[in-house]
Amino acid sequence: MVAQIIDGKAFAAKVRGQVAQHVSALKAQHNQTPGLAVVLVGEDPASEVYVAAKHKATVETGMTSFEHKLPADVSEADLFALIDQLNADPDVHGILCQFPVPEHLSERRVVARIDPAKDVDGLSVVNAGLLASGEAGLVPCTPLGCLMLLRDQVGDLTGKDAVVVGRSNLFGKPMAQLLLRDNCTVTVAHSRSNDLPGICKRADILVAAVGRAQMVQGDWIKPGATVIDVGITRVPHPEKPGKSRLIGDVDFGPASEVAGAITPVPGGVGPMTIACLLANTLTAACRAHGLAEPQGLTA
Ligand SMILES: Nc1nc2c(c(=O)[nH]1)N[C@@H](CN(C=O)c1ccc(C(=O)N[C@@H](CCC(=O)O)C(=O)O)cc1)CN2
């Protein structure tokens, strides 16, 4: 079997197009423009690239982008003062602080300071609780993107055996909640699970987010399974000295000979993260103005 390659880049472009259409209607019918504020602390090169990509995508979909760059040694008090100001700003519907933050700051405390209704990363305890209790909140962007790819690829997920490898608050736990909400039978496994290969081999849907490059082997995969690879590790390029390339948590070559469908790295899950951030910002703006939420762009 040769797996179908799931084109996350193309799907993300489709989602961004849908967001842009809704934004245009929101402006025309209600004179409202969704606004996203991104806070970057310090000068981490990868974070600067992601923040620039978020700004570009926000503007391209017709939303307002507010960028705030703070020095690496900013105090927690000064960062919180900015977040408080953004929480109170009616033109700002979504707020996020790009991670990682410098060591003297706590990601948990930063997220907790953001108004849950504007927490478009969906990482606050309030939004995690809403997701776990099946209520409407804001869902973390990468799991939401994976769910959209799975619904598009598989159709109805009811009754499928889904295995999520990884148990982080950022990804594994919300991914498991979303799959459960779509009626999958969900197992959350991790690097210390007994017989990880055997657990993975039961999965109709295998989501790998363990954070170890190429850990999931081809012979761990059930023939015909749908495999979603969330890992992104930058490694030296084997053939181009001085260059690097990205690899996932799944050993792609052997896995794609067994799976029915698989996301590549890059070009799979990654682009969905920013597309879903825009979708969440639109959802937050609609809720703030008491308007109907966009269909198909939420969980
Ligand atoms: N506050 C947040 N911080 C971080 C998040 C997040 O969701 N919220 N996620 C990551 C970084 N990230 C977005 O912020 C992100 C990561 C990867 C991609 C992406 O499109 N990756 C491409 C490859 C890009 C490349 O060539 O380097 C892919 O996988 O195809 C988008 C966004 C950490 N911080």
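Note that ligands are numbered from 1 as they come in the structure, with each ligand's atoms numbered from 1 the same way. Every heavy atom of this structure was used, including side-chain atoms; hydrogens, water molecules and symmetry mates were not.
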Inspect the contact between Arg109 and Glu76 and indicate whether a charged nitrogen and a carboxylate oxygen are less than 4.0 angstrom apart. yes

With a sphere of 6.0 Å drawn around [atom1] of [X], does it hold more than 12 non-hydrogen atoms of other residues, nucleotides or ligands?
X	atom1	result
Lys27	NZ	yes
Arg151	CZ	yes
Asp195	CG	yes

Distances only, to 0.1 Å: what are the N or O pairs between ligand 1 and the protein that fall under 3.5 Å?
unit_1	atom_1	unit_2	atom_2	d
ligand 1	1 (N)	Cys97	O	2.9
ligand 1	1 (N)	Asp121	OD2	2.6
ligand 1	3 (N)	Phe99	N	3.1
ligand 1	8 (N)	Asp121	OD1	3.1
ligand 1	8 (N)	Asp121	OD2	3.3
ligand 1	14 (O)	Lys54	NZ	2.7
ligand 1	14 (O)	Gln98	NE2	3.0
ligand 1	20 (O)	Gly270	O	3.3
ligand 1	20 (O)	Pro271	N	3.3
ligand 1	27 (O)	Arg234	NH2	3.1
ligand 1	30 (O)	Gly267	N	2.6
ligand 1	34 (N)	Gln98	NE2	3.3
ligand 1	34 (N)	Phe99	O	3.0

Per-pair distances, 0.1 Å, donor-acceptor, side chain in residues 214-225, under 3.5 Å, sequence neighbours excluded:
unit_1	atom_1	unit_2	atom_2	d
Gln217	NE2	Gln214	O	3.0
Gln217	NE2	Met215	O	3.3
Lys222	NZ	Asp204	OD1	2.7

Check whether any side-chain N or O of Thr283 sits under 3.5 Å from a backbone N or O of Ala279 as a donor-acceptor pair, and report yes or no. yes

